[in-house]
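Small disclaimer: the values here were computed from a predicted structure and weren't measured. To find a chain, count down the sequence lines: A is the first, B the second, and so on, and within it residues start at 1.
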2 protein chains.
Amino acid sequence: MASRAKATILDIAREAGVSKSTVSLVLQGSGLIRPETAVKVRKAIEDVGYVYNRGAANLRKAHSNVIGMVINDLTNPFFAELAVGMERVFQAAGVVPFIANTAENPVRQQEVLKSMMEQGVAGLIVSPARGTTPGAFRRIEAAGVPVVFAMRRLPESRIPAIAPDNRRGACLATEHLIRKGHRRLAFFGGSSDLVVYQERLGGFLEACEAFAIPVADRTIVEGETSRKGGMACLETALAMPDPPTAALCFNDAVAFGVILALRKRGLEAGADFAVVGFDDVAEAEHYSPALTSVAVDTAGLGERAAHVMLKMIQSRTTRAEDHIGAVSLVVRESSGPNRNSQVGDAA
Amino acid sequence: MASRAKATILDIAREAGVSKSTVSLVLQGSGLIRPETAVKVRKAIEDVGYVYNRGAANLRKAHSNVIGMVINDLTNPFFAELAVGMERVFQAAGVVPFIANTAENPVRQQEVLKSMMEQGVAGLIVSPARGTTPGAFRRIEAAGVPVVFAMRRLPESRIPAIAPDNRRGACLATEHLIRKGHRRLAFFGGSSDLVVYQERLGGFLEACEAFAIPVADRTIVEGETSRKGGMACLETALAMPDPPTAALCFNDAVAFGVILALRKRGLEAGADFAVVGFDDVAEAEHYSPALTSVAVDTAGLGERAAHVMLKMIQSRTTRAEDHIGAVSLVVRESSGPNRNSQVGDAA
DNA sequence: TTGATTTATTGGAACGTTCCATTTATAGGA
DNA sequence: TCCTATAAATGGAACGTTCCAATAAATCAA
C-alpha cells in the first residue's frame, strides 16, 4: 500500500511529460504556465500522491511559512483562547502556527525555542515562562528572527510586547469596590517576580491612594495563581485582626478559589465578601455566583500579536512598538450590591 | 547586531580549522572525534551563533524528530492535559511535538495535516474533528507516516486508537446511580455522529438493561458538549411529564452546565437531582458541589499514545493495536446520598 | 624498519527544491 | 517572407546538511 520511495517533483515531471522547473512553477501558482499544462501537472501530482517537501524548499527560499507559538501553560484556558485568536489571523495569511508548551519551565522553554529555530520558523510569539533570564532570547535576536511577547513581558528587554492594560484594569476594579462602600481591601495571589503582578498590584495601590485608603487597610497576600492559591489567600486574610471585606484577585483562577473557600466557611461571595477577578475567562460568566472580572479581550490580543508579527516579518525588522490592549470591567454578582453610601458614586 | 548571512557548517569548519564533515560528526555527538577537536568545534559554534538547519539535514536523513499533534479543541482543558502527558514521553525520546488546533473543523484539519506532512513529521497523533471523512487519512497512510488516534476514533478505519473504556465507564456510573435508588435516569449531551457518544450511551443502556430499568424511564437528550449544552438538556428533561431524578452526562462540561441550570431553578445537585460527569477534569474536584465523575487518566492515555507512536516509528510500521484505558468512578457530592433502599448495594 | 591495524579526519556526491539565464514555440508587424 | 516581441518551458547551479569511501596519522607487532 505504502509506496516506498516518496515522489519528488522529478517524478511528477516525468509523469506529466514536462520539466521539473515547470512543476515547481505550477506548485507556486505562477501565471507563466499555460492553463492546460497546469492541469496536466496537477493531475500527475494527485496520481502519484506527491507530498511537497518544505524543508528542501526552505533551503532556497528566504523565509518559511511557519511561526512558533511558545506558551507557558496550555492547561490555562486563557492561553488557549489567545492561541485561537492568533490562528485566525495566521490562517488568513497562509502561515501555519505550531504551538509548543513550556509548562512554566525555563529549561524546557530553551529546548523548545532551539527546536523551533532549527525548524526555521519565520517568527516566534512567546508567553515567557516564569523565571526566564534576560539573555534567553539574545541568540534568537542575533539571528534576526522576530520575537513578540504576548501577555507577559520581561523586565529588561527590547522585544515588543502585546499585553492588556493591567494597571488600568486593576485600578478600575479597585475603584469599583471602593464605590461599593468597601474600605478594607485585599489583593490576592501572584508573586512579585512577574511584571504582570507588579502592574496589577500597582493599579490596585493607585486606586487606594486616589481614594485615600490608609495603608493599614490594604492587605496584600501573595500566592499561587490557581484555585488552590486563591483558597489559601482567603484563609490567610480572614485570620487577620481586621480582615478585608473585598478582594481584587490576580486572575480568575484565584478568584474562583476565593469563592470556593468562602462557601466552605458558609459565606457567599457577593453577599458576605466582594470578589473581583482578572482576565474574564469564559467560565466567569457561568460561575455561581457569576464573577465580576476585568475583561482583557484575549482573542483580540492574540489577533493583534499575530498582526504585529506578520508586519515584522514583512518588513524584515526585529523591532516593533508595544501594544497595550484596552480593558473593561464586567460587573456581575460576585462583587455584590452597594454596601452603604460612605462614598458616593458621582462621576 | 543581527549578522546577515546565517552561519553554516562550513563557516564553523573554517573558524575551527577542520572540515565540514568533522563539524557534522561533532553535531551528532559521534565518538569518532578526538575530544579536543570536539571542544574546538563547539567553541566555534558558540562564537558564530550557529543555528542547526534541520530542514537541510532531513533532506539526507531518513527521519525527522518532530511529531505532529492535531487536536480538535484546545480550549477544552481535557485535551491540554492529554498534550501534557504526551510531551513528557516525547521529550525523553528527544522528539519535539508540535501542536496544532483544528477547532473541530474538518477543513481546517485537512490544512493542518497537509502542513505537517510538508514539514516532514515522523508521525501524527490526532484527535479527529467531528465530521472527519473516512478518506481524510488515506494519503497520509499511503505515504507511510504513522498515525494514532487519541480519545476519538473514526467509524471505519484501521488506524490504531488510544481511548478510555467509555462503555465500562458509563456502565459503572449508571450502576452507581441505580444503586443510590434512582429509577428514572437520563443521559445528557453529545450526539450520535461521535463514536465516543455511541460507546458511552451504550454503557448507560447496558446498565439500564442489567437492572431492568423500563425503556419509558430512560431519557436521552442530545446536545452540545459544553456548559451551555448541559443547561439546555436539563431544561428539556425537566419539562417532561415524568422527569428523571438523575443524569449521566456525556462529559464534565455538560455536567457543570446541568449543575448551574439546577441552581438557577433553586435546586441543588446532589440533594435534589443526582449528576455524574465523564472525564474527571481537574476542576471536577473543586466544583461546588464537587462533581462525581468517571476518571479516565488523561495524562496516562497521552503517555500511552506517545509510546505507541514511538514504537511505530521505530519499527517502520503503520499498524498497531488499539489501547483501551482503564476507567474508575470517582464518587463526590454531586451524585448525592442514597435515595432509599429499593435496591440494595450488596456485592 | 616495514607493513598491518586502528583511530581521526576529509572530500564529494546526494537529498528535493527554487530561480536565473536560456532556449524554444507562438504570434505579430512589415 | 523574415525579424522582433512575447509567451512558455527548460537545464543547471545553489541551498546546508549527511554519509560513504578514501586518506592521513598514530599505534602496534614483527
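D:dT17 atom C1' lies 14 Å from atom CG of A:Asn58, rounded to whole Å. Between B:Leu27 atom CG and D:dT17 atom C1' the separation is 9 Å, expressed in whole Å. One interatomic measurement links the two molecules: CG of A:Leu59 to C1' of D:dT18, which rounds to 13 Å at whole-angstrom precision. When rounded to the nearest whole Å, the span between CZ of B:Arg14 and P of C:dT9 equals 19 Å. Atom pair A:Asn53:CG and C:dA14:P shows a separation of 18 Å (rounding to whole Å applied). Look at NZ on A:Lys61: it is 17 Å from P on C:dG16, rounded to the nearest Å. As rounded to whole Å, 14 Å separates atom P of C:dG16 from atom OH of A:Tyr52. Atom NZ in B:Lys6 sits roughly 15 Å away from atom C1' in D:dT17 (whole-Å rounding).
Note on the helix from C:dT1-D:dA30 to C:dA30-D:dT1: angle between the axes of the first and last five pairs equals 50°, rounded to 10 degrees.
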So which protein N/O to nucleotides 4-8 of chain C N/O distances come out below 3.5 Å?
none

Sort me out a list of protein N/O and nucleotides 21-26 of chain D N/O pairs below 3.5 Å, or just none if empty.
none

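For A:Arg138, there are no side chain to side chain contact (heavy atoms under 4.5 Å, CB included) partners at least two apart in sequence or on another chain. Every side chain to side chain contact (heavy atoms under 4.5 Å, CB included) that B:Ala38 has, sequence neighbours left out, goes to B:Val26, B:Ile33, B:Arg42. With sequence neighbours excluded, the residues forming a side chain to side chain contact (heavy atoms under 4.5 Å, CB included) with A:Ala103 are A:Asn101, listed by chain and number. For B:Phe98, the ring-ring contact (aromatic ring centres under 6.0 Å, His included) criterion is met by A:Phe98, not counting sequence neighbours. In this view, A:Arg60 satisfies the side chain to side chain donor-acceptor pair (under 3.5 Å) rule with no residue, not counting sequence neighbours. Qualifying side chain to side chain contact (heavy atoms under 4.5 Å, CB included) partners for A:Ala161, counting only residues two or more places apart in sequence or in other chains: A:Phe149, A:Arg153, A:Asp322. By the side chain to side chain donor-acceptor pair (under 3.5 Å) test, B:Ser115 is found to be paired with no residue, residues two or more places apart in sequence or in another chain being considered.
Applying the salt bridge (Lys or Arg N to Asp or Glu O under 4.0 Å) test to every pair with at least one member in residues 89-114 of chain A, sequence neighbours left out, gives these pairs: A:Glu104-A:Arg152, A:Arg108-A:Glu111, A:Lys114-A:Glu118.
Within residues 16-24 of chain A, the residues that place at least one heavy atom under 4.0 Å from DNA chain D are, in residue-number order, A:Val18, A:Ser19, A:Lys20, A:Ser21, A:Thr22.
With contacts defined as side-chain heavy-atom distances shorter than 4.5 Å, the pair B:Ile99/B:Glu87 qualifies. At least one side-chain heavy atom of A:Pro146 sits less than 4.5 Å from a side-chain heavy atom of A:Ile313.
In this structure, the nucleotide among C:dT17, D:dT17, C:dT10 sitting nearest to the side chain of B:Leu25 is C:dT10.
At distances below 3.5 Å, at least one donor-acceptor pair connects side-chain atoms of A:Ser64 with backbone N or O atoms of A:Gly120.
At the phosphate of C:dT17, neither OP1 nor OP2 sits under 4.0 Å from any side-chain N or O atom of A:Gln28.
Between atom CD1 of residue A:Ile140 and atom OG1 of residue A:Thr318 there is a gap of 10.0 Å, rounded to the nearest 0.5 Å.
For A:Arg60 against C:dT18, a side-chain-to-base donor-acceptor contact under 3.5 Å is present.
Heavy atoms from other residues, nucleotides or ligands lying under 6.0 Å from NE2 of B:His323 number more than 12. Within 6.0 Å of CD on B:Glu321 lie no more than 12 heavy atoms contributed by other residues, nucleotides or ligands.
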